[in-house]
S.K.: 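I'd like to ask some things about the structure below.
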Amino acid sequence: MYNNDFIANMLDKIASLLEIKEENRFKIRAYRMAAACIRELTFSVAKIEEVKKLWEIPGIGKAIAEKIMEISSTGSCETLRSLVEEIPESLLDFLKIEGLGPKRVGILYRDLGIQNAQTLKEFALNGKIQELNGFGPKIVQKILDGLEHWEERKGRFPLDQVVPKVQSLLAAMRSIPGVTQAEVAGSSRRWKETVKDLDILVTGDKEHAGSVMDVFTAYPEVESVLSQGATKATVRWTMGIQVDLRFVDSDCFGAGMQYFTGSKEHNIALRTLAKDKGFKTSEYGLFKISGSKETKVAGQNEEEFYRCLGMDYIPPEMRENAGEIEAALSGKLPCLLEHSDICGDLQMHTTESDGKNSLEEMAQAAIALGYKFIAITDHSKAMHIAHGLDEARLLRWIETIHKTREKYPQFHLLAGVEVDILKDGSLDLEEKVLRECDVVVASV
DNA sequence: GCCGTTTTCGGCCCGACTGTTTTCAGTCG
Ligand SMILES: Nc1nc2c(ncn2[C@H]2C[C@H](O)[C@@H](COP(=O)(O)OP(=O)(O)OP(=O)(O)O)O2)c(=O)[nH]1
Ligand SMILES: [Mg+2]
Ligand SMILES: [Mg+2]
């Protein structure tokens, strides 16, 4: 069964090949939009049996729906097969080189017949590439650098690995004179599990933009500066992650956050909607268009930005163009689950087996978190290394939990066990003992 | 390729930075 990511990746591959082929850019965007849209779906596309059902998904039309059906059942499609006859798949790797996009990759292939890394390096060194239209010494150097650092390429980073680093960077930015705000944006603000890069928005007086850029590019973690302009800079840190900084005026903070938080697909959908309603939106604000006149109607405040477009405020976590804009327009946005919505935990270990904290410590910590109940479910005896409980120990342990429970009358301290499922499928503890538990978790 | 209470054709988000462009294309966010 081909999953949604597999199908989306294949549509993205078709899009990239079409780009190198210099197909119509809106056709290419249609493939990219369809891919992004499939990644956001909460059900498996391959399970859909009728083309019509696919077709009903916004962003997927008749042509792409049929291709999806084909990919779902065969793992590929005719469009892709005939495309790779024209445009070698190996060219797709070149797109990852800084400074090489579909146009230049296409020229390299068509004019010089370059389709693998060896010949790319060869032609970069013998001066042939530099002679091409649209190429020069700087691009050639970037190609050579890109080939050199091919193996060091990093993929996406787990969010928890980068959060502490970004907090330190924000602190450094906030201490620059003239800076009013520094916040994390992009996929980190949308709380994606992994992020490709870090996106930082800094606001302040225009005359301080230069010093912000200087501090950012001289930050200790920086390995190289990829670009640096008046309001935007990109660097790569030694740990391999890229960091993007955007600077806007203080009164553009809301619009800047809206832009830089994304997602790209959410931004495009929102901007299209704004346009239909007679507005223009950018990182500088929301502008009402009348004739040739533009009047700024929002910019400072992100909530206001959405309100002026006639919709509820959309939390960053929902900004993926997965129906949230339509929901916000009709006041039907779902509520996000908050930490405060968690009222208990039914799987917890204590020092009685392999936990780090005692029964009382666990109970008190749960109460401090605002929980109404927890279940203590230490391991059963098959887990020797975890010092698992046998029947006799479990019975005594249940008694201890019952006694402890009396100290916390407002709180539900449940007695339980995490019982192993043995190789033959039976449980590790006798049923009559398990019956004494409030909660039994069975695990393999 | 997708889409539609101003539509089935003619639009499709908007802006910054770089390099080689003598007026802007390519790439990226
Ligand atoms: N309007 C508009 N905004 C864009 C576009 N591309 C990127 N952005 C905005 C929205 C993105 O969330 C933000 C940061 O871009 P990134 O490429 O870093 O993507 P993002 O952080 O969403 O995901 P990532 O984990 O980095 O892949 O910039 C675009 O084509 N149009
Ligand atoms: Mg990002
Ligand atoms: Mg970025």
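Order of the sequence lines sets the chain letters (A, B, ...), proteins ahead of strands, with each chain counted from 1. Just so it is clear, the values below take in all heavy atoms, side chains as well, and ignore hydrogens, waters and symmetry mates. Fair warning: this is a prediction, and the values are worked out from it, not measured in the lab.
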S.K.: When the P atoms of B/dT6 and B/dC2 are considered, how many whole Å apart are they?
M.R.: 23 Å
S.K.: Rounded to the Å, how far apart are A/R25 CZ and B/dG11 P?
M.R.: 13 Å
S.K.: Quickly work out the A/D197 CG to B/dC28 P distance and round it to whole Å.
M.R.: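 Taking CG of A/D197 and P of B/dC28, I get 13 Å after rounding.
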S.K.: So among A/R190, A/E324, A/R319, A/R271, which one has a side-chain hydrogen bond (donor to acceptor under 3.5 Å, both in side chains) with A/H266?
M.R.: A/E324
S.K.: Each nucleotide in nucleotides 12-19 of chain B should get exactly one letter: B, S or -. Can you fill that in based on protein heavy atoms under 4.0 Å?
M.R.: BBBSSSSS
S.K.: Give a yes-or-no answer on whether the side chains of A/Y109 and A/E86 include a donor-acceptor pair shorter than 3.5 Å.
M.R.: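 No.
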S.K.: Find the distance A/N321:CG to B/dC2:P and express it as a whole number of Å.
M.R.: 15 Å
S.K.: A/I129 and side-chain contact (heavy atoms from CB on, under 4.5 Å): which partner among A/I143, A/I107, A/D111, A/I139?
M.R.: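 Of the listed residues A/I143, A/I107, A/D111, A/I139, the side-chain contact (heavy atoms from CB on, under 4.5 Å) partner of A/I129 is A/I143.
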S.K.: Which base sits across from B/dT8 as a Watson-Crick or G-U pair, both distances under 3.5 Å?
M.R.: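 Because no pair has both required distances under 3.5 Å, B/dT8 counts as unpaired.
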S.K.: Please give, in whole Å, the distance from B/dG29 C1' to A/L198 CG?
M.R.: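 My rounded result for the distance is 14 Å.
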S.K.: With no hydrogens and no angle check, just 3.5 Å: does a side-chain donor-acceptor pair link A/T119 and A/N116?
M.R.: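 Yes, side-chain donor-acceptor contact under 3.5 Å.
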S.K.: What's A/I60 touching, base or sugar-phosphate or nothing? Going by heavy atoms closer than 4.0 Å.
M.R.: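 Sugar-phosphate, backbone atoms only, no base.
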S.K.: Quick one: A/W55 CH2 to B/dG1 P, roughly how many Å, whole number?
M.R.: 13 Å
S.K.: As a quick check of understanding, evaluate salt bridge (Lys or Arg N to Asp or Glu O under 4.0 Å) for A/R81 and A/E78, giving each step before the final call.
M.R.: CA-CA 5 Å; A/R81 280 191 293 273; A/E78 187 49 41; 3.3 Å; yes
S.K.: Work out how far the P atom of B/dT21 is from that of B/dT27, and round it to whole angstrom.
M.R.: 15 Å
S.K.: We want to know whether A/S443 and A/E418 form a side-chain donor-acceptor pair, criterion being a heavy-atom distance below 3.5 angstrom.
M.R.: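 Short answer, yes.
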S.K.: Distance check, P atoms only: B/dT5 and B/dG1, in whole angstrom units.
M.R.: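 Looking at atom P only, B/dT5 and B/dG1 are 23 Å apart.
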S.K.: For the pair made of CD1 in A/I107 and C1' in B/dT27, what is the distance, rounded to whole Å?
M.R.: 13 Å
S.K.: Once you round it to whole Å, what is the distance between P of B/dC28 and CZ of A/F260?
M.R.: 15 Å
S.K.: When rounded to the nearest Å, what value does the distance between C1' atoms of B/dT22 and B/dG15 take?
M.R.: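 Between the two C1' atoms, the distance is 23 Å.
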S.K.: Looking only at atom P, what distance separates B/dA25 and B/dT20, rounded to whole Å?
M.R.: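 Approximately 16 Å lies between the P atom of B/dA25 and that of B/dT20.
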S.K.: Could you tell me how far B/dT18 sits from B/dT23 if I compare only their C1' atoms? Round to whole Å.
M.R.: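 After rounding to an integer number of Å, I get 15 Å for this pair.
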S.K.: May I ask you to say what A/G99 touches in the nucleic acid, namely base, sugar-phosphate or nothing, with a heavy-atom cut-off under 4.0 Å?
M.R.: sugar-phosphate
S.K.: Tell me the interatomic distance from A/N133, atom CG, to B/dA25, atom P, rounded to whole angstroms.
M.R.: 13 Å
S.K.: On a whole-Å scale, what distance lies between the P atoms belonging to B/dC3 and B/dC13?
M.R.: 14 Å
S.K.: So what does A/G59 touch, heavy atoms closer than 4.0 Å: a base, only the sugar-phosphate, or nothing?
M.R.: sugar-phosphate
S.K.: Counting any heavy atom closer than 4.0 Å, what does A/Q242 reach on the DNA or RNA strands: base, sugar-phosphate only, or nothing?
M.R.: sugar-phosphate
S.K.: Taking atom types as modelled, is there a side-chain donor on A/N9 or A/R39 under 3.5 Å from an acceptor on the other?
M.R.: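 On atom types as modelled, these side chains qualify, holding a pair under 3.5 Å.
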S.K.: Between the side chains of A/T180 and A/T203, does any donor sit under 3.5 Å from an acceptor?
M.R.: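 There is such a pair between these side chains.
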S.K.: What distance, rounded to whole Å, do you find between the two C1' atoms, one in B/dC17 and one in B/dG11?
M.R.: 28 Å
S.K.: Which nucleotide sits closest to the side chain of A/K103: B/dG29, B/dG1, B/dT27?
M.R.: B/dT27
